[in-house]
Amino acid sequence: MVTIDVKGCASFADAASLKAYTAKALEAFDVLESEKGAGNDFLGWKHLPSEIPAEMLNDIDTICKNWKAKGVDLVIAIGIGGSYLGAKCVIEALSHNFAKQLKKKDAPEVVFAGNNLSEEYLAELMDLAAERNVAAIVISKSGTTTEPAVAFRIVKQYIEERYGKADAASRIVAITDAKKGALKTLSTQEGYKTFVVPDNVGGRFSVLTPVGLLPIAAAGLDVKGLIEGALEAEKALAVKSEENPAVVYAAVRNMLHSQCGKSIEILVNYNPKLTYVAEWWKQLYGESEGKDGKGIFPASVNNTADLHSMGQFIQEGSRVMFETVLHVEKAQRNVVIGTDEQNLDQLNFLAGKHVEHCNHMAELGTRLAHIDGGVPQISICMEKVDAKNLGSLLYFFEFACGISAYTLGVNPFNQPGVEAYKKNMFALLEKPGYEEATKAIKERI
Ligand code: PA5
């Protein structure tokens with residue numbers, strides 16, 4: 001289970017302020033747990049770890065085995081936002097850094113589409129598909145989102161032309177609403193295996209539904225470990241306490257925002273495998289809190305690389321941010337720095353040391369420097385980057401997000417602002433039904 005360390009905020013706020021914000025976060029905890037707060041029809045994610053149906057996991061397993069039997073070596077997962085980032089972050093975190101380049105492949109490669117409208121991207125995806133044995137997972141809760149719909153039309157036609165309609169139906173799985181949406185209608189008509197995104201689980205909270213679990217399983221990763229870790233967090237975080245890490249995180253980030261004027265939170269990692277955890281986290285907190293003119297802007301850096309690009313600004317630029325560092329206690333692979341007789345690179349002072357030791361010292365040194373520079377520090381600590389710890393981390397962030405958004409005074413579970421660009425895009429693309437909007441928007445440009 002993850003732990004939290006907020007000692008790096010001590011010099012930025014007094015004990016009384018922390019106590020006051022802890023009280024607010026505990027009230028918000030009650031709102032979340034009573035299930036009577038705003039958006040309470042979207043709380044299905046809270047008990048996903050303890051209520052995952054065994055039958056659904058068996059179905060996922062069967063699909064993966066069927067695809068293996070067919071020799072599938074490329075799975076195209078099509079989706080955007082919450083229908084993509086959970087799977088992407090887990091796959092990146094749990095895969096070998098060089099999985100694509102290594103010759104030995106234990107499972108199909110999972111690539112993503114439908115998360116952009118780049119023509120080049122889709123054309124080049126088709127170049128890759130032509131060299132591989134292909135299956136696809138199309139994910140859209142609403143079943144109507146444009147980006148995945150466009151990508152799926154192209155991938156579907158490709159698979160049908162290449163393998164024939166009957167075989168295509170066994171290579172395509174849809175994950176969508178139980179009853180409504182174009183994707184549901186299409187899947188029923190084409191006879192695709194479908195999984196349901198529960199009505200009461202929003203996209204950004206759906207990583208532990210088939211939305212996340214099928215692509216993760218298709219990549220050959222440890223789904224059971226992920227659920228086990230999330231279950232551990234579900235149990236631990238349900239306990240009302242001032243020490244509950246989710247309460248602490250919600251209290252401290254709200255305090256830094258409202259009292260210390262920090263409007264940007266930077267999620268910091270020191271392991272490239274965690275890059276997409278930050279992308280997932282940005283959606284989770286950005287969409288949950290950024291509304292009604294409120295919210296902390298979620299940003300991220302990948303250290304130590306970004307210390308050589310963003311480090312200057314964080315150290316000395318405008319003092320608007322605090323950092324939440326993902327601290328990983330131990331590396332799962334070991335590389336020890338050797339001795340060199342000539343010592344021309346002058347690195348013998350590090351001889352015999354693990355590279356991760358240097359990484360930890362970089363992290364600690366940065367942390368202290370940033371505190372000195374006026375950047376408060378929160379540390380979220382995990383033992384290692386494995387499935388179980390990752391499951392705990394993701395559930396922790398979800399649960400803390402609910403508490404934090406209620407502490408801030410917004411509905412954590414809606415995203416009304418996401419619609420604005422869609423209306424303009426449809427008007428510009430002259431979608432039937434948007435005639436008036438098309439006329440109005442053309443007058444603006
Ligand atoms: O969190 C959310 O609800 C959104 O980011 C959605 O996941 C995203 O817009 C994709 O929607 P859909 O799954 O309906 O295609």
Side-chain angles (χ1 to χ4, degrees), residues 38-46 48 76-90 112-117 136-156 172-187 192 194-216 276-291 295 297-298 394-395 397-402 404-405 410-426 429 431:
N40 61 354
D41 43 347
F42 281 97
L43 290 173
W45 58 271
K46 274 178 66 195
L48 283 175
I76 304 174
I78 299 169
I80 194 165
S83 293
Y84 140 71
L85 284 164
K88 174 79 176 169
C89 98
V90 173
F112 292 86
N115 52 38
N116 63 65
L117 281 171
I137 306 167
V138 54
I139 309 167
S140 177
K141 186 178 183 206
S142 62
T144 56
T145 307
T146 311
E147 291 91 335
V150 167
F152 182 54
R153 179 177 279 207
I154 288 155
V155 171
K156 174 181 184 288
I172 296 173
V173 173
I175 306 177
T176 188
D177 187 84
K179 297 189 195 85
K180 58 179 195 308
L183 181 58
K184 174 65 192 166
T185 315
L186 183 156
S187 306
Y192 298 154
T194 55
F195 289 93
V196 170
V197 191
D199 278 347
N200 60 356
V201 180
R204 57 190 176 276
F205 290 85
S206 68
V207 60
L208 296 174
T209 71
V211 171
L213 299 180
L214 179 58
I216 294 165
Y276 267 88
V277 169
E279 297 306 316
W280 171 86
W281 169 89
K282 282 192 230 174
Q283 187 203 359
L284 182 65
Y285 281 76
E287 274 191 358
S288 301
E289 294 192 322
K291 55 195 69 156
F297 184 82
L394 299 184
Y395 189 92
F397 274 134
E398 290 180 350
F399 197 81
C401 183
S404 184
V410 298
N411 175 353
F413 306 114
N414 64 1
Q415 54 285 327
V418 179
E419 295 308 310
Y421 97 93
K422 291 186 193 168
K423 281 188 202 141
N424 287 346
M425 178 176 70
F426 291 147
L429 288 171
K431 185 174 174 171

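Hydrogens, waters and symmetry mates play no part in the numbers below; they use all other heavy atoms, side chains included. Whatever order the structure lists ligands and atoms in, that order sets their numbers, starting from 1. Everything numeric here is computed off the predicted structure, so don't read it as measured data.
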Enquirer: Any idea which atoms of ligand 1 are less than 4.0 Å away from a heavy-atom of Ser83?
Expert: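 Reading through ligand 1 atom by atom, the close ones are 7 (O), 12 (P), 13 (O).
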Enquirer: Parallel under 30°, tilted from 30 to 60°, perpendicular over 60°: which one fits the rings of Phe397 and Trp280?
Expert: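 Tilted, since the angle between the ring planes falls between 30° and 60°.
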Enquirer: Among all protein heavy atoms, pick out the one at the shortest distance from atom 3 (O) of ligand 1; state its residue, atom name and that distance to 0.1 Å.
Expert: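 Of every protein heavy atom, Gly203 N, 3.5 Å lies nearest to atom 3 (O) of ligand 1.
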Enquirer: Does ligand 1 have any atom that is closer than 4.0 Å to a heavy atom of Gln283?
Expert: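 Gln283: in contact with ligand 1 (<4.0 Å).
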Enquirer: Measure the distance from atom 2 (C) of ligand 1 to every protein heavy atom, then report the residue, atom name and distance (to 0.1 Å) of the closest one.
Expert: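 Residue, atom and distance for the closest contact: Glu287 OE1, 3.4 Å.
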Enquirer: For the 3.5 Å polar cut-off, considering only N or O atoms, please tell me whether Lys422 and ligand 1 meet it.
Expert: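 No.
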Enquirer: Tell me, which protein residue and heavy-atom name are nearest atom 6 (C) of ligand 1, and how many Å apart are they?
Expert: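 Ranked first by proximity to atom 6 (C) of ligand 1 is Gly82 N, 3.9 Å.
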Enquirer: Would the number of heavy atoms belonging to other residues, nucleotides or ligands and lying under 6.0 Å from NZ of Lys422 be above 12?
Expert: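 Yes - once you tally the heavy atoms of other residues, nucleotides and ligands closer than 6.0 Å, there are more than 12.
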Enquirer: Can you name the nearest heavy-atom pair linking Ala182 to Thr144, along with the distance?
Expert: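 Scanning both residues, the minimum pair turns out to be N-CG2, 4.2 Å.
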Enquirer: Taking the side chain as every heavy atom from C-beta outward, state whether Gln415 and Arg204 have any pair of such atoms under 4.5 Å apart.
Expert: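 The answer is yes, as the side chains (C-beta and beyond) meet within the 4.5 Å cut-off.
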Enquirer: Please identify which atoms of ligand 1 are closer than 4.0 Å to at least one heavy atom of Ser142.
Expert: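 The list of qualifying atoms is 12 (P), 14 (O), 15 (O).
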Enquirer: Could you tell me whether the side chains of Asn414 and Lys291 share a donor-acceptor contact shorter than 3.5 Å?
Expert: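 The answer is yes; a qualifying pair exists.
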Enquirer: Taking the inter-plane angle between the rings of Trp45 and Phe413 on a 0 to 90° scale, is it parallel (under 30°), tilted (30 to 60°) or perpendicular (over 60°)?
Expert: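 It falls in the tilted class, 30° to 60°.
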Enquirer: Look at atom 11 (O) of ligand 1 and find which of Thr146, Asp177, Thr145 reaches it with the closest heavy atom.
Expert: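 Of the listed residues, Thr145 has the closest heavy atom.
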Enquirer: Who gets closest to atom 10 (C) of ligand 1 by heavy atom: Ile80, Ile139, Ile78?
Expert: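 Considering heavy atoms of Ile80, Ile139, Ile78, the nearest to atom 10 (C) of ligand 1 sits in Ile80.
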Enquirer: Please evaluate residues Ile80 and Thr145 with respect to the criterion side-chain contact (heavy atoms from CB on, under 4.5 Å), reporting the C-alpha separation (whole Å), side-chain torsions for both, the decisive distance (0.1 Å), and the verdict.
Expert: CA-CA 8 Å; Ile80 194 165; Thr145 307; 3.7 Å; yes
